[in-house]
Student: 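A single structure is presented below for examination.
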Amino acid sequence: MPACTGTMKMSPLVLWFHKLGSPPYFYRLAGRFLPWLYAIALVTGAVGLYGGLVVAPADYQQGDSFRMIYVHVPCAWMSLFVYAFMAANSFVALVWRIKLSETLAMASAPVGAAFTFITLVSGSLWGKPMWGTWWTWDARLTSELVLLFLYLGVIGLYHAIEDARQAARAAAFLALIGVVNLPIVHYSVVWWNTLHQGQTVSLMGQSKMSSSMLWPLLTMAFATHVYFFASLLARSRAALLALESGKEWVRGIAQTQEAHAHG
Amino acid sequence: MKPGTTSAACTALLKRDLALTWRRRGDALNPLLFAIIVVALFPFALGPEAQILERIAAGTIFVAVLLASLLSLDSLFRSDLDDGSLEQLVLSPHPLSLLLACKIAIHWLTTAVPLIAAAPLLAMLLHLPDSVLPVLLAALALATPLLSLIGAICVALTVALRRSGMLLTLLVLPLIVPVLIFGAGACNAAQAGLPYAAPLLWLAAWLVLALVLAPLATAAALRISLT
């Protein structure tokens, strides 16, 4: 980003955006938001789970097994959302070399991988009673598995390179290649699947959900989003402290912490 | 050709890489040997019945070729990094992506072309029907450059690492799933008597796309790795 000339006036929003890119400012702001995000995620998650597991009626076809949807589907949405978030931050990190974007992209990768893993495991647990098998080479399942490998590749590359900033740039580049690749994988898997056999299973069927079943799902989706951002902020705060460990503001934080511990 | 021009630089690079491979021609045959061993293991595991082997022949050959070219990917930039000539390439005034495209082309010529040449032998070992063999060769001819091009991006990202073997596999495999699906899919379609032009055309389309974009991406990745 070009250096801002002192005489140029910036709108408050742009100024705020510039300030957000500064690690100490972000660290403080994230610290202020963090408890609220955790609280909102916990409350909405509890409400959504209660609504889904207790209040919502059992499905006429799948019985109580369908309640897996309240974990499975929000996590599946998140696995894609987090990848998109990571890729967007990777793009910003590579084009404008903003340190904070590198940190955000790398901090979101493990969370996304966890969501993808939960999606696969919960889908497998759901598949056993419904389809009679833990795993089927359905297009969606296979794409999700490839997505998990992409996440693991990004995480693996990030941890393999010693210099943190170079590692973040390399892994961000890989994340962007993955974005180009992901639609190709999805459509080729669909093609491959239909070559062998017709689509025998579709996750949601043609049934439209009734509102009594839908609201807990949407609540859970909201809760997982908020949880992701809470987890993201916590992780990036820790990563920023490690990255900037030689800087004045980190030393200041360390000294206040020490003073608290001894005082 | 005037010395100092980009085309002179590319020619010099092509000659140098060819000469280097020729001096270690034993190493260049390793991927070929590996593919033959992998294919030869399948009958031991599945039994010698011709029907079973015929059914899995195309897919097995594709996986064996894929693994063999994966194995050879690490050597793409390794020796150049060790003797410092990779940094000279990055610093040279000529477009890095073009120079890297030359390197990838030589790497493909020396590792993948022997594999394609050995494909009829592998096909015979697994009783692939003769009518499918041309489709297999066409699919391999389209798929192996794609593997080299996509693999080169991942190698460029991991080149500075000491032990990159497992990580490189993890990076490359998700990216080449479509190549495997369409390459083996074309052969399976031909074997089942179905039209097989569409998957081959898809492979060709991606190859054109990768030919343009992958050297650029490799150059960008290499610049990140070597800073």
Side-chain angles (χ1 to χ4, degrees), chain A residues 83 90-91 93-95 97 102 109 113 116 137 139 141-197, chain B residues 59 146 149-189 191-192 194-196 198-199 202-203 205-206 209-210 213-214 216-227:
Chain A
Y83 200 96
S90 301
F91 184 78
L94 285 177
V95 174
R97 308 216 161 193
E102 290 170 13
T116 315
W137 290 96
L141 274 73
T142 316
S143 315
E144 195 73 12
L145 187 66
V146 172
L147 182 67
L148 181 64
F149 285 145
L150 280 175
Y151 271 124
L152 292 181
V154 170
I155 297 169
L157 187 62
Y158 179 60
H159 288 291
I161 301 175
E162 250 168 65
D163 180 67
R165 292 207 60 189
Q166 192 196 341
R169 274 206 291 279
F173 192 76
L174 183 70
L176 281 184
I177 295 172
V179 162
V180 179
N181 195 60
L182 217 51
I184 300 180
V185 168
H186 185 76
Y187 286 107
S188 59
V189 167
V190 168
W191 183 88
W192 160 71
N193 198 271
T194 46
L195 178 76
H196 288 284
Q197 54 174 67
Chain B
L146 262 174
L149 286 164
I150 296 171
I153 305 173
C154 300
V155 179
L157 283 175
T158 57
V159 70
L161 303 175
R162 287 271 154 64
R163 290 183 302 272
S164 60
M166 196 54 218
L167 185 63
L168 185 63
T169 315
L170 182 63
L171 301 194
V172 174
L173 277 183
L175 299 180
I176 57 176
V177 166
V179 180
L180 183 64
I181 288 175
F182 279 78
C187 302
N188 291 337
Q191 207 163 345
L194 297 169
Y196 53 80
W202 271 113
L203 278 181
W206 281 332
L209 199 67
L213 294 181
L216 292 172
T218 311
L222 203 57
R223 283 188 204 281
I224 292 173
S225 285
L226 293 182
T227 43

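Per chain, numbering begins at 1; letters A, B, ... match sequence-line order.
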Student: If you take all heavy atoms of Phe149(A) and Pro174(B), which pair is closest and at what distance?
Tutor: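 That closest heavy-atom pairing would be CB-CG, 3.7 Å.
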
Student: Quick one: which of Leu148(A), Ile184(A), Val146(A) has the most heavy-atom pairs under 4.5 Å with chain B, could you say?
Tutor: Ile184(A)

Student: Can you say whether Leu94(A) sits under 4.5 Å from chain B via the side chain, the backbone, both, or neither, judging by heavy atoms?
Tutor: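 Interface part for Leu94(A): side chain.
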
Student: Which heavy atom of Ala170(A) sits nearest to which heavy atom of Ile224(B), and what is that distance?
Tutor: N-CG2, 3.6 Å

Student: Measuring from Glu162(A):CD to Leu161(B):CG, what's the distance to the nearest 0.5 Å?
Tutor: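 Rounded to the nearest 0.5 Å, the CD-CG separation comes to 9.5 Å.
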
Student: Would you give the length of the straight line joining atom CG of Leu152(A) to atom CG of Leu173(B), rounded to the nearest 0.5 angstrom?
Tutor: 12.0 Å

Student: At a heavy-atom separation under 4.5 Å, does Leu175(B) approach chain A through its side chain, its backbone, both, or neither?
Tutor: both

Student: Looking at Ala160(B), Ala156(B), Ser225(B), Ala184(B), which one has more heavy-atom pairs under 4.5 Å with chain A than the rest?
Tutor: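 Most heavy-atom pairs within the cutoff with chain A belong to Ser225(B).
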
Student: For chain B, which candidate among Leu150(A), Leu157(A), Asp163(A) shows the most heavy-atom pairs at distances under 4.5 Å?
Tutor: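 Looking at each option in turn, the highest pair count goes to Leu157(A).
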
Student: State the CD-CG distance between Gln166(A) and Leu226(B), to the nearest 0.5 angstrom.
Tutor: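 The CD atom of Gln166(A) sits 8.0 Å away from the CG atom of Leu226(B).
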
Student: Using a cut-off of under 4.5 Å on heavy-atom pairs, state which of Val177(B), Thr158(B), Leu157(B) scores highest against chain A.
Tutor: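 Of the candidates given, the most pairs with chain A belong to Leu157(B).
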
Student: Please classify the contact of Ile153(B) with chain A as side chain, backbone, both or neither, using a heavy-atom distance under 4.5 Å.
Tutor: side chain

Student: Checking Trp206(B) against chain A: side chain, backbone, both or neither under 4.5 Å from a heavy atom?
Tutor: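 Looking at Trp206(B), just its side chain touches chain A.
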
Student: Can you tell me how far the CD1 atom of Ile177(A) sits from the CD1 atom of Ile150(B), to the nearest 0.5 Å?
Tutor: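 So the gap between those two atoms works out to 9.5 Å.
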
Student: Rounded to the nearest 0.5 Å, how far does NE2 of His159(A) lie from CG of Leu167(B)?
Tutor: 11.5 Å

Student: Rounded at 0.5 Å granularity, tell me how far CD1 in Ile181(B) sits from OG1 in Thr142(A).
Tutor: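 If we round to the nearest 0.5 Å, Ile181(B):CD1 and Thr142(A):OG1 are 7.5 Å apart.
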
Student: For the residue pair Pro178(B) and Asn181(A), what are the closest heavy atoms and their distance?
Tutor: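 In terms of heavy atoms, the two residues are closest at CG-OD1, 4.4 Å.
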
